[in-house]
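What follows is one structure encoded as structure tokens, with my remarks underneath.
As a basis for the values below, the full set of heavy atoms in this structure was taken, side chains included, without hydrogen atoms, waters or symmetry mates. In what follows, every chain begins at residue 1, and chains take the letters A, B, ... in the order their sequences are listed. What you see is a predicted model; the values in this text were computed from it and never measured.
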Amino acid sequence: MFSNRWRFGWDRYTEVDLFTDHNDTNAETLSQAIRAASEEPDADGSVLFGHLQGTVVGLRYYTGVVNSGEMVGLVRQPQNPYDRNAVMVANIYGNQVGHIKKELAAAMAYVMDNKLAKVEGVVHSGTKNKFTMPVMLSFWGKEEKKNTVIEMMARRGYKLNTGGIGQAAVFFFFQLKNAFDNLFEGLMESKDGEKEAAKSVGTPLLPHQKKALSWMCARENKSGLPPFWEKRGELYYNTLTCFSAKEIPERVRGGILADDMGLGKTLTTIALILTNFHNGKPLPVETCVSVTVLNLYFSITVWCEQHLFIIKWLFACYQEGQSSPLKARTKKQMPPKLEGFQEDLDFAAALGGLISDTGFKKKKTSKKATPTLKDLKARATLIICPLSVLSNWLDQFEQHVSANVKLNVYLYYGSDRNRSTKFLSSQDVVITTYNILSSDNGDKSPLHVVNWLRVVLDEGHIIRNPDTLMSKAVLRFKAQRRWILSGTPIQNSVKDLWMLLAFLHLKPFDVREWWNRVIQRPVTQGNKEGLQNLQTLVKCITLRRTKNSEVNGRPLVSLPEKTVCVEKVELSQAEREEYELARNEGRNTIGRYVSEGTVLSNYAHVLAILMRLRQLCCHPDLLFYLSAFSNSVCSYISTPAELRERLIEKLRMVLASGSDEECSVCLESVRLPVITHCAHVYCRPCIAQVISTEKETARCPLCRSEIKTSELVEFPQEEMGEENGTNSEKWRTSSKVQALMANLLRLRSEDNRIKCLVVSQFTRFLTILETPLREHGFSYVRLDGTMSLKKRTQVIQEFQSSADSSPVIMLLSLKAGGVGLNLTAASHVFLMDPAWNPATEEQCIDRCHRLGQKRKVCVTKFIVKDSVEENMVKIQKKKQDLLEKAFGSTNTDRKASRISDIKALMEL
DNA sequence: ACCGCCGGGTGCC
DNA sequence: ACCGCCGGGTGCC
């Protein structure tokens, strides 16, 4: 009796499958157990400890079957009444297959419960008999746990086979990295043809948008097999996990639209909503002769009028005369109209052609509605977007939906938002923000009760961190179709993708374990096949075009021409003399370091010399003290205050230079910079760690001078952003300044509304340039890294404005702002000084040579003849190769290449 | 399960 | 006969 009861209890789990959501129950289901077991936040640093052949027993008691080569999951069952060490074996769908034999289970339980290792199983040869079968177990975990685990298992008589575990093939690493970077490139091919949007879409679609629409409709309607599934006889077989099932695997209805910013993702999505309702028919919408705008308008105003951005949006509408304030006000006072709801549903049902009007109504009230009816019932598309683009969505609906079409768009936002699920279901579109979502997160939240036709995540990469509330909320939507819109689907690593695939319900990868095993780990370890699989996966569900993409041999969108020319600048007699003096001096010094082999220990000094030369090329007043103290020179500085002053000066120079100073501890750009008494710059956390590890014996990683935490000097807060050192009385010009001004004056005489970007790595140079700009009456703004986000947006807005009073010149610090910066108002770019990294320059140019640019773009690079700048340009070309080779190469290699760079710069 | 293990039946060669 | 051997019953954790 007892035994039977329990057996029944466990057998229940065999019926659990991962294709069904179990949100409704609090009972711990097997699928949840597997999810929980595999939800280790960071499986990345895992290494393989070894393999072990084990046995799965008790097959005859369970329904789960496995194929040859199929992956299985191992789940601890501490509550098992027969053995608290029990380890259950389940297949991909979560059907139990059996148990690990108890002796082995006892050993594994210890390892698993103490999180010493994650154990994975693969059944290499299928069932030999129907009672037991062998399983290959592999143990994965943190390097430092490796020996403990091996010893632990050995003590219990299980010897982990550690032989033949090669490290990831480093050789292919570079290739793979490249392939990964290009993961989202070239995903266009010729997916389907073009599709015309429904009549209700008021704006004609561009060819590439029609293609996207066609692809999206196909993704929603076609019933093919998802990637890596194929039909084998009566069964559906997953070629990656070797799992097979009788039922056809659920297809992902949706995908990732990853077009570049500006290609019209919003418009295409609106077109999709209007064009592809149930059975591929257009969304049934009421049309009317009167001004439709008001309907949309009305629901928004009623619910959200207190929010500033809406007011802004309304204001924009007024201005454009799309509706009158008066009408809006009268409309606003009317009670919300909901009776259209039922009509719409009936209309939808009638369109579906499957059930009669009355039948539909009857079923609708019944709780046991079949899925088909539920599907039909779904009408609304839920759009989730960042607050910052909310008004843009409203604008776009306004703009692109035909004027005579009544589309119910509801903005689910604000404290008095309508939480009625009946109301929400009745809408055509509900828009909300990620923030609302994370606050409206419970199971009873209306957003999670409604059966959506479609859920669209705008800027979907926002949910890439699975630990956030909103990411969790996003996984619990009930929806038939799911879309992610994102210009940058991957920002850092493969990891970013998991959440996206999980949202899309891409089986079986929505369960972290299978994703980790099949894709993430192979890819991060440089496995070629893993990457290919990932590519295939992404290809199947993603459409991405960039501004450079071509369709039928023609560019998607044609950007205006861009010309780049280099203007050689001759130094004046005086400048040349000063430059040569500094150059000879520097050359001697560096030459000495090279011959002594002490370039690295005097690296700060070397950089300082180069910096001085680069600055001399721009303007003599750019010079800071050349704090020439390599460790040996420190002694002549007398007082601590003077030392501190000089260190700060030096630090300021490094920071202002924009030379992308590298921290020698983490080898990344320095964050929270501090300078040591020996004048080397590190990230504060990095060097602090060095000091805390080495204690009293701590030495500077670069020059081996003694260092102490108390001697780390930071940039004083009050000096941040203080840049008003030059006053116009002492101001003098330079050859480069002259060259720039000549260009600006010439342009102004041709067309006084031409806008220019003037770019330098030296913020002080920008300051120097302000004087002649003022003198010649140019209106300018300035954008550099020291400005607050708020100030930046304000400056950008000012510059982008087409108003007559808006500035014509932007002084831009090379590294300021992210890639997203949009400065299309400018059509001329002046790069005042060459950067170490040509990509930085390209990025900067792209800020104005991008979608939305109407004029030809003209880029001028000023390079001083016969100077370190010319050599930098030469190295730039080489640099691209170096950069690529730097992947996977060692610290020493990178340093070595730097030394050879320096030699080339100084012509040594 | 064409195994291993258990425990009862049995017992020179 | 407090053993070995035989053969039937039996079987995950």
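- Rounded to the nearest Å, the gap between the C1' atom of C:dG4 and that of B:dG11 is 9 Å.
- Under the Watson-Crick or G-U wobble criterion, with both distances below 3.5 Å, C:dA1 is left unpaired in every strand shown.
- An OP1 or OP2 oxygen of C:dC12 is reached within less than 4.0 angstrom by a side-chain nitrogen or oxygen of A:Arg60.
- Separating the CE atom of A:Met133 from the P atom of B:dA1 is a distance of 16 Å, rounded to the nearest angstrom.
- The nearest whole Å value for the distance from the CD atom in A:Gln79 to the C1' atom in C:dC12 is 18 Å.
- A:Gln96 places its CD atom 13 Å from the P atom of C:dC12, with the value rounded to the nearest Å.
- For A:Asn85 and C:dC12, the CG to P distance is 17 Å, given to the nearest whole Å.
- Residue A:His99 contributes atom NE2, which lies 17 Å from atom P of C:dG11 at whole-angstrom precision.
- Atom NZ in A:Lys101 sits roughly 9 Å away from atom P in B:dC5 (whole-Å rounding).
- Comparing the C1' positions of C:dC6 and C:dA1 gives a spacing of 15 Å, expressed to the nearest Å.
- Under the side chain to side chain contact (heavy atoms under 4.5 Å, CB included) test applied with A:Met153, the options A:Val111, A:Thr148, A:Leu137, A:Leu116 reduce to a single match, A:Val111.
- One cannot find a donor-acceptor pair under 3.5 Å joining the base of C:dC13 and the side-chain atoms of A:Asp83.
- Residues satisfying the salt bridge (Lys or Arg N to Asp or Glu O under 4.0 Å) criterion with A:Asp113, sequence neighbours excluded, are A:Arg76.
- When the side-chain nitrogen and oxygen atoms of A:Lys102 are compared with OP1 and OP2 of C:dC12, none of them lie within a distance under 4.0 Å.
- A stacking contact between A:Phe131 and C:dG11 is absent: the pair does not combine a ring-centre distance of less than 5.5 Å to the base's six-membered ring with planes differing by less than 30°.
- Straight-line distance from the CG atom of A:Leu59 to the C1' atom of C:dG11: 13 Å, rounded to whole Å.
- The ring of A:Tyr82 does not lie on top of the base of C:dC12; it is either too far (5.5 Å or more) or too tilted (30° or more).
- Distance A:Leu104 CG to C:dC12 P: 17 Å, rounded to the nearest Å.
- Ion pairing between a basic and an acidic side chain is recognised when a charged N comes within 4.0 Å of a carboxylate O; A:Glu151 and A:Arg156 show no such pairing.
- Sorted by first and then second residue, the pairs that involve residues 226-236 of chain A and meet salt bridge (charged side-chain N to carboxylate O under 4.0 Å, His left out), not counting sequence neighbours, are A:Glu230-A:Arg232.
- Taking syn as a glycosidic angle within 90° of 0, B:dA1 does not qualify and is anti.
- The pair A:Glu220-A:Arg481 counts as a salt bridge, with a side-chain nitrogen and a carboxylate oxygen less than 4.0 angstrom apart.
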